[in-house]
Every structure is written in structure tokens, then in C-alpha cells.
Amino acid sequence: MFMMFTPVSEDFLIQATNETNVNIPQMADTLFERATNGSWVVVFKALVTTHHLMVHGNERFIQYLASRNTLFNLSNFLDKSGTHGYDMSTFIRRYSRYLNEKAYSYRQMAFDFARVKKGADGAMRTMAPEKLLKGMPILQGQLDALLEFDVSPGELSNGVINAAFLLLFKDLIKLFACYNDGIINLLEKYFEMKKGQCKEALEIYKKFLTRMTRVSEFLKVAEQVGIDKGDIPDLSQAPSSLLEALEQHLNTLEGKKNAAGSSEG
């Protein structure tokens with residue numbers, strides 16, 4: 001059974017981001033100010049509320065966060081008030097890093113990966129190769145920051161960590177759909193790319209394969225704590241022959257035909 005942790009007036013704040021007379025910078029600055037508190041409780045509430053507004057609020061909110069030079073400066077946060085404070089501080093450091101990365105991605109791409117259209121006519125499937133090769137490493141960086149939350153099923157009995165995990169899980173599903181779309185697009189265009197682009201695309205694909213394992217581990221935790229199986233995507237691994245074909249094509253472009261031939265023997 002999930003323990004839900006809901007920041008006070010969360011729905012009110014979401015609604016407020018849609019009002020033209022509401023000062024978004026002031027709202028965000030209040031949350032940043034709360035995040036400078038020494039208590040993990042106050043800081044975690046500020047982070048969860050910020051994440052809720054980034055996901056459910058008007059896009060003006062995440063746009064403002066993306067326009068700032070600095071967001072949460074919590075990489076050294078430590079609540080020394082007790083053992084619990086030490087434990088929770090670890091998650092605050094990880095969680096704040098993800099929120100910073102989410103805003104940074106928006107600044108780089110001018111859209112939120114979690115909000116864009118997915119599927120055959122979605123943003124990542126229809127993106128031009130140049131933009132795709134720039135965007136995929138940014139998406140990988142955001143995904144990595146999310147996976148570094150690295151929580152065990154036992155730790156999710158804590159309502160605060162659980163609230164953060166649920167928001168992260170929902171982001172992960174959307175990010176991975178984008179990631180998958182981007183990979184499909186890359187593979188479709190791979191054999192028409194120039195040598196340099198092929199090299200970049202191959203590295204992105206290799207990183208995708210290693211992240212598949214980490215995403216699977218995150219989803220296993222989600223399943224163990226009771227998230228409906230229907231909400232968890234099935235990750236089917238691509239055949240290893242695909243990677244071999246991509247590598248062989250790049251070798252051919254680089255004039256390594258003989259090397260490719262001898263390695264097969």
C-alpha cells in the first residue's frame with residue numbers, strides 16, 4: 001500500500017501557474033529559498049513540490065527554471081540531526097541533481113522530453129539527424145541522473161521518498177519512450193549518415209544498450225512496491241546481430257574492410 005506524501009496546497013500551486021497575474025519567478029524563488037533550509041523535511045517538500053509543478057504546472061514554470069543560471073545547490077546537503085537525517089540527505093542530493101538536469105535539458109532543447117509527443121509522428125522520431133545527435137546525449141544525461149536516485153524497495157516504505165519515486169517513475173516512462181523513439185530514428189537514418197555521424201550514432205546506441213539494463217532494474221523496484229504491471233513497459237532487448245551490422249557498416253566507411261573480415265573469421 002502506498003503512503004502518499006502531498007505538499008500543502010499542491011493543486012492550488014499547479015492552478016496558480018496557469019494564472020497570468022501570478023509571479024512565476026517569485027513562486028520558484030520561494031521554493032529555492034526553502035531548499036536552503038537545514039532540515040531534510042523542509043528541503044524534500046520543496047523538491048517534491050518543484051517536481052510536481054515541473055510536471056503538472058504551466059510550462060512557464062519549467063521555462064523559468066531553465067532560464068536560471070543556478071537551481072538547487074544541494075550536492076553537499078547534510079542534515080546532521082540524526083541517523084534518519086543522514087539517510088534522507090543522500091536522496092536529497094540525488095533528487096536535486098535530477099531536477100537540475102531536467103531543467104538543463106529544457107534549456108538545451110527548448111522542450112521537456114517528458115511532455116513532447118511520442119510515437120511515429122512524435123518529436124524524437126521526426127527529428128533531423130543533426131538535432132537528434134545533439135539531443136540524444138542530453139536525454140541520456142537526464143535519464144542517468146534519474147536512475148542515480150537508486151532506491152531499494154525497503155526504502156520506499158518512507159512516504160517522502162515514495163512520493164519522489166512515483167514522480168521519477170512517471171518521468172522515466174515518458175523519457176524512455178522518447179529515448180526509444182530517438183534510437184528508432186537513428187537506426188532508420190544510420191546507413192545514410194556520414195562517417196562522423198555514424199560514429200556518434202553507434203556510441204549513442206551502445207550507451208542505450210547498457211542503460212536498458214539499468215532501466216530494467218529501476219522498473220523491477222517499481223513492480224516490487226506495487227506499481228501496476230500494466231503501467232510498466234516491457235523492455236525487449238535488440239538482437240546482438242544489429243550491433244554487429246552497425247559496427248560493420250562503420251568499419252566499411254572507415255576503410256577497415258579487411259579488419260572487419262578478419263575479425264569475423
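One is the number of the first residue; the rest follow in order along the sequence. Owing to the predicted nature of the structure, the values given are computational and were not obtained by experimental measurement.
- Using a 4.5 Å cut-off on side-chain heavy atoms (C-beta onward), L132 and Q197 make no contact.
- Residues R214 and L143 fail the side-chain proximity criterion, which asks for heavy atoms closer than 4.5 Å.
- Going from atom NZ of K45 over to atom CG of L47 covers 13.0 Å, rounded to the nearest 0.5 Å.
- Sequence neighbours left out, not one pair with a member in residues 116-138 passes ring-ring contact (aromatic ring centres under 6.0 Å, His included).
- The aromatic rings of F176 and Y179 lie perpendicular to each other, with more than 60° between the two planes, well past the 30° mark.
- In the hydrophobic clustering of this structure, Y106 does not group with V55; members are Ile, Leu, Val, Met, Phe, Trp, Tyr whose side-chain heavy atoms approach within less than 4.5 Å, directly or through other members.
- Side-chain contact, Y98 with Q142: a donor N or O sits under 3.5 Å from an acceptor N or O.
- A donor-acceptor contact shorter than 3.5 Å is absent between the side chain of T17 and the backbone of F61.
- The CH2 atom of W40 sits 14.5 Å away from the CG atom of L74 when rounded to the nearest 0.5 Å.
- Aromatic ring centres of F113 and F111: separated by under 6.0 Å.
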Name each donor-acceptor pair under 3.5 Å that joins a side chain in residues 186-195 to protein atoms two or more places apart or in another chain, with its distance.
unit_1	atom_1	unit_2	atom_2	d
K189	NZ	N185	OD1	2.4
Y190	OH	L246	O	2.7

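- Environment of CD in E19: crowded, with over 12 heavy atoms of neighbouring residues, nucleotides or ligands closer than 6.0 Å.
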Donor-acceptor pairs under 3.5 Å, side chain of residues 147-155 to any protein atom, not counting sequence neighbours: which ones?
unit_1	atom_1	unit_2	atom_2	d
E148	OE1	R97	NH1	2.5
S152	OG	E155	N	3.4
S152	OG	E155	OE1	3.1
E155	OE1	S152	N	2.9

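- How far CD of Q108 is from CD of E101: 9.5 Å, rounded to the nearest 0.5 Å.
- Residues M127 and M109 form a side-chain contact, since some pair of their non-hydrogen atoms from C-beta on lies under 4.5 Å apart.
- Under a 4.0 Å N-O distance rule, the pair K102/D112 qualifies as a salt bridge.
- At distances below 3.5 Å, not a single donor-acceptor pair connects side-chain atoms of D181 with backbone N or O atoms of K118.
- The CE atom of M27 lies 10.5 Å from the OG1 atom of T50; values are rounded to the nearest 0.5 Å.
- Between Y104 and L71, every side-chain heavy-atom pair lies at or beyond the 4.5 Å cut-off.
- Clustering of Ile, Leu, Val, Met, Phe, Trp and Tyr side chains at separations under 4.5 Å places Y86 together with L78.
- With hydrogens and angles disregarded, no donor-acceptor distance shorter than 3.5 Å links the side chain of T49 to the backbone of A46.
- Atom CZ of R115 is separated from atom CD of E59 by 5.0 Å, given to the nearest 0.5 angstrom.
- Look at R125 and D121 and you find no salt bridge, because none of the NZ, NE, NH1 or NH2 atoms lies under 4.0 Å from a carboxylate O.
- Partners of R60 according to the side chain to side chain contact (heavy atoms under 4.5 Å, CB included) rule, which considers only residues two or more places apart in sequence or in another chain, are I24, N58, Q63.
- Two rings, from F77 and F91, have their centers 6.0 Å or more apart.
- A continuous path of Ile, Leu, Val, Met, Phe, Trp and Tyr side chains, each step under 4.5 Å between heavy atoms, connects L172 with V116, placing both in one hydrophobic cluster.
- In the hydrophobic clustering of this structure, L99 does not group with V42; members are Ile, Leu, Val, Met, Phe, Trp, Tyr whose side-chain heavy atoms approach within less than 4.5 Å, directly or through other members.
- What you find for P233 and I173 is that their closest heavy atoms are CD-CD1, 3.3 Å.
- Ring-centre distance between F72 and F32: below the 6.0 Å cut-off.
- Within the 3.5 Å criterion, the main-chain N or O of P129 finds no donor-acceptor partner in the side chain of K131.
- Between I232 and K220 there is no side-chain heavy-atom pair separated by less than 4.5 Å.
- L202 and L242 fall within the same hydrophobic cluster, defined by Ile, Leu, Val, Met, Phe, Trp and Tyr side-chain heavy atoms under 4.5 Å apart, directly or through other members.
- For the pair D171 and L167, the minimum side-chain heavy-atom distance is 4.5 Å or more.
- Counting heavy atoms from C-beta on, the side chains of V41 and M88 never come closer than 4.5 Å.
- Considering only residues two or more places apart in sequence or on other chains, K134 meets the side chain to side chain contact (heavy atoms under 4.5 Å, CB included) condition with I138.
- Side-chain N/O atoms of Q248 and E244 include no donor and acceptor closer than 3.5 Å.
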>> If you apply the rule salt bridge (Lys or Arg N to Asp or Glu O under 4.0 Å), what do you find for D29 with R68, and how did you get there?
In response: CA-CA 11 Å; D29 290 345; R68 289 178 56 112; 2.6 Å; yes

